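Just below is one structure, and these are the notes that go with it.
In what follows, every chain begins at residue 1, and chains take the letters A, B, ... in the order their sequences are listed. Here the structure is a predicted model, which means the values were calculated and not measured.
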Amino acid sequence: MAQTYENTDEILAARRAYNDTLAQAHDARRATWFPLLIVALLMLVPALQFVGNYNYVIHLMLYTLMYVTMAAGWNILGGYTGYISLGHSVFFAVGGYFAGMIFARLGISTIIMAPVAGLVCAALGYLIGLITLRVRGPSFIISSLALVMIFRILFEKWQFIGGAAGLSLPINDLSVQWAKLPYYYAFLAMAVFGVWASYRVRHSKFGLGLRAISKDEVKAESAGIDTRRYKVLAFAMSAFLFGAAGAVWGEYLTYVRPNIFIHILYFSVWPALMCILGGKGTIAGPVVGAVLIVAFNEFFVATLGSSTIHILVTGMIMALTLMFFPLGLVGTLAKHRRLPRILNWD
Amino acid sequence: MSDLIQILILGLALGGVYALMGAGLSLVFGVMRIVNLAHPSLIMLGAYVAYWAFRLYGIDPLIILPVAMVILAATGVILYKLVFEREARSAKYSEMTVLLTFAFAMVFEGALATAFTNTQRVTSPAYATDAIFIADIFIPLGQLYAGIVSLVLIAGLALWLKYTRFGYAIRATTQNREAAELLGVNVNFVGLVSFAIGLALAGAAGALVSFVFSFYPSKHWEWIAILMSLVVLGGMGSILGTVVAAYTLSVVAAYVGFFFGATWSTLTFFVALFVVLLVRPQGLFGEKPELA
Amino acid sequence: MTKLLEVKDVVAGYGDGPAILNGASIDVQPGKVHCIIGPNGAGKSTLLKAICGMLKVRQGSVMFKGQNLKGKRPDQVLREGICFVPQERALFPKMTVRENLRMGGFSMTDKATLEKRIDEIEERFPILRERRDQHAGTMSGGQQQTLAMARTMILRPEIVMLDEPSLGLAPKIVQEVFDIMKVMTEDGITVLLVEQNALMGLKHADWGVVLDLGRTLFEGPAKEVLTDPRIQELYLGGQKAA
């Protein structure tokens with residue numbers, strides 16, 4: 001006969017204690033000052049232009065910030081909700097085209113129009129989500145890939161927005177020294193907004209619902225969560241950030257072209273990869289991932305230069321991460337309780 | 001009128017090839033719950049095997065077909081042993097493995113493009129450009145052969161699944177992995193064999209595709225979307241469904257191409273995918289929506 | 001007391017997750033019906049899965065007729081003579097009843113014997129003969145459970161483990177499930193049963209086991225377990241055994 005308890009209270013207490021050990025204690029030590037410090041430093045970076053030509057540095061940071069925006073957006077859908085999209089480049093392109101057309105026709109800067117472009121993409125995302133979020137898992141991933149193919153063909157065929165040749169946009173009249181500045185601050189603002197938004201979502205009832213959906217959608221629904229509306233809203237939010245990023249990127253590049261903007265590797269796969277590499281579902285993960293991938297890419301393009309090897313290596317990083325660190329850098333460190341405090345933004 | 005029949009015949013011939021391209025994918029999904037996004041890039045590998053065999057040694061793609069199957073099956077065994085065997089035990093299996101296969105698709109694309117560049121290729125045995133005429137309807141021989149070979153292979157697969165002991169094991173694992181395991185099926189071995197067979201079919205499809213379509217490594221993106229539409233339309237994991245979907249969509253796409261132009265013909269597959277998701281998410285032959 | 005199967009201090013869990021079982025033990029006696037009860041999450045199903053090899057036994061031992069089953073794969077445990085019918089969907093819905101029965105004898109190499117035993121089973125459960133070419137997924141819940149349980153008898157196992165066979169069945173049909181269980185014991189099969197409906201399960205059992213907190217808390221003749229006031233209060237919802 002196994003161990004016997006004398007009275008019922010003892011057993012109930014033991015059961016409670018047992019359940020507590022099953023639930024992993026949440027590490028509440030958070031370093032809020034660190035991201036704030038980074039933002040403060042980032043705001044000062046353009047001052048470098050007073051002492052020399054740091055256009056390349058600014059370009060690189062702006063590029064990273066754009067990816068932080070997108071990765072943070074992808075995180076809301078892919079990280080919290082568990083719906084892996086490989087088709088978000090569609091929203092990047094729609095945002096680019098929408099703001100680009102208005103810039104070309106009416107002369108309103110894309111930086112001003114970025115939130116509007118984001119909203120247009122959110123609305124589009126909402127509609128598309130109503131269809132594609134009916135399925136989950138592999139079917140959803142497939143539908144996101146099909147989305148890219150459909151929009152690529154539509155954009156190339158639609159002569160009103162320039163067809164395959166795309167749109168040319170005017171260059172701003174700032175001196176070379178300061179020409180990148182408006183875009184730099186625009187992307188900085190977006191990245192901060194993206195990370196802040198993903199933080200707020202994570203700590204809201206809405207975010208809790210999303211994470212419940214990711215764990216077990218059927219149970220989440222039976223717990224009274226309107227899963228359909230939650231998922232579609234998450235989709236719309238992530239589309240918003242992609243659209244806003246795409247809007248400004250068009251003016252920065254001075255053109256919008258289907259094959260550049262709907263590029264599946266750069267604007268669908270990379271944000272996903274950044275999120276996964278950094279740690280999906282964490283706040284710091286997408287930021288860390290974006291920095292790593294952009295840095296790695298710069299190093300790689302400089303040394304090897306071939307775009308075919310580029311695909312090969314991106315694929316390899318992705319495969320190795322998924323096989324050996326499925327939780328990503330931040331996630332894996334957190335699991336082993338080795339995460340430096342400065343990266344705990346959750 | 002004869003135009004319309006003509007289009008139907010061309011659509012049906014290509015339908016067979018699509019069906020073969022999708023059958024392996026469907027088999028692997030059924031048994032292992034993996035949507036192998038690398039499948040099209042492996043078909044590409046099969047196509048290159050056939051291409052170089054023809055170009056360098058003048059061997060007919062139909063003769064090299066078994067070789068391509070063996071090479072791809074071996075690739076499948078290696079991939080399974082190195083990657084999917086351990087993946088199958090991890091939590092969040094399904095969605096993570098899709099990403100993983102996506103990563104491998106990029107690896108294969110990158111490797112093929114690095115080795116052979118992104119130049120368009122096509123294998124050109126004599127029959128590839130030949131045709132027979134019945135009344136005023138012409139049937140391109142290449143597509144006819146490819147369609148027939150595809151059908152033979154798919155029929156062979158279906159019979160094998162229906163009547164052999166191993167076929168029982170595969171079907172049982174597809175329908176209820178846990179129960180199959182409890183009845184003594186070594187599901188891991190079943191997974192290995194189905195993966196190898198699935199890729200062998202990809203190899204065969206590659207050899208056929210090499211003289212039916214022109215191809216280059218990054219074209220596998222287009223194939224991904226096309227094949228996935230077939231698999232979703234047919235109901236994930238149902239081989240019969242995949243085959244029916246392949247023929248249907250191929251014929252519809254042929255008509256769309258005829259009336260509206262070639263670009264729109266490809267669009268047929270993707271739009272079909274969305275309509276299916278909207279109307280019947282479980283596909284034509286699936287039983288319940290994919291919720292896992 | 002002879003023991004057919006002796007589970008001792010088993011620790012097990014899913015994947016890398018926390019241990020669900022923390023030292024569960026059961027002594028299984030030949031020819032008897034053993035009913036495991038306990039609250040949700042106590043580890044009842046986990047214990048059956050650990051015995052049949054679907055889950056890794058991290059610590060402890062599972063001794064069956066003098067050999068340790070720990071570390072064996074499900075197909076190997078099956079060959080030793082232990083069948084497991086998992087919760088709910090134990091069937092192949094798109095296979096016919098006949099094909100399902102054939103799958104029951106998948107591990108047998110002798111085809112003639114297999115066909116003979118299928119005939120015997122169909123003899124005993126006429127509904128299965130009636131429906132032999134119907135897809136299993138299209139049958140009623142009770143018929144499906146009949147098929148799942150009858151299927152295990154093809155192998156003539158020594159132990160059959162049933163995970164909540166009455167789940168989702170109408171009360172009238174639940175009785176049929178226990179009738180089949182009786183048929184099994186008449187054949188000399190030892191039954192290890194997990195039941196959510198503890199009263200019902202214990203009434204049809206010889207031996208009762210209470211599992212909670214991943215451990216075996218009480219073990220004894222089913223009648224004693226059924227009448228123990230502490231157990232009644234904790235696990236039987238304060239109901240008195242009729």
Problem - Intermediate values then yes/no, side-chain contact (heavy atoms from CB on, under 4.5 Å), B:F104 and A:M318 - result: CA-CA 9 Å; B:F104 278 110; A:M318 193 160 165; over 6 Å; no

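Under the rule for a ring-ring contact (aromatic ring centres under 6.0 Å, His included), the partners of B:W221 that lie at least two apart in sequence or sit in another chain are B:F102. Take A:F235 and apply the ring-ring contact (aromatic ring centres under 6.0 Å, His included) test, not counting sequence neighbours, and it matches A:H88, A:F91. Considering only residues two or more places apart in sequence or on other chains, B:Q120 meets the side-chain hydrogen bond (donor to acceptor under 3.5 Å, both in side chains) condition with B:S214.
Listed here is the closest heavy atom pair of B:F274 and A:A146: CE1-CB, 4.0 Å. Shortest non-hydrogen contact noted between A:T314 and B:M106 is CG2-CE, 3.9 Å.
Of the residues B:L99, B:V98, B:I224, the one that meets the side chain to side chain contact (heavy atoms under 4.5 Å, CB included) test with A:L86 is B:L99.
When heavy atoms are compared at a cutoff of 4.5 Å, A:I142 approaches chain B by way of both its backbone and its side chain. Proximity to chain A is absent for every atom of B:L227, based on heavy atoms less than 4.5 angstrom apart. Of the two parts of A:L320, neither the backbone nor the side chain holds a non-hydrogen atom closer than 4.5 Å to a non-hydrogen atom of chain B.
Here A:G315 is the residue among A:A319, A:S143, A:G315 with the most heavy-atom pairs under 4.5 Å with chain B. In terms of non-hydrogen atom pairs under 4.5 Å with chain A, the most contact-rich of B:G110, B:A111, B:A105 is B:G110. Taking chain B as the reference chain and counting heavy-atom pairs below 4.5 Å, the highest number among A:I128, A:L147, A:T132, A:I276 is found for A:L147.
Within the 4.5 Å cutoff, no side-chain heavy atoms of A:L312 are placed close to those of B:F108. Contact of the B:F269 side chain with the A:M149 side chain is not registered, since no non-hydrogen atoms from C-beta on lie closer than 4.5 Å. The side-chain heavy atoms of B:L37 and A:L145, taken from C-beta on, include a pair separated by under 4.5 Å. The side-chain heavy atoms of A:M323 and B:V83, taken from C-beta on, include a pair separated by under 4.5 Å.
Proximity to chain B at a heavy-atom threshold of 4.5 Å picks out A:I264, A:L265, A:V269 from residues 259-272 of chain A, in numerical order.
Remark: B:L100 CG to A:L322 CG distance equals 5.5 Å, nearest 0.5 Å.
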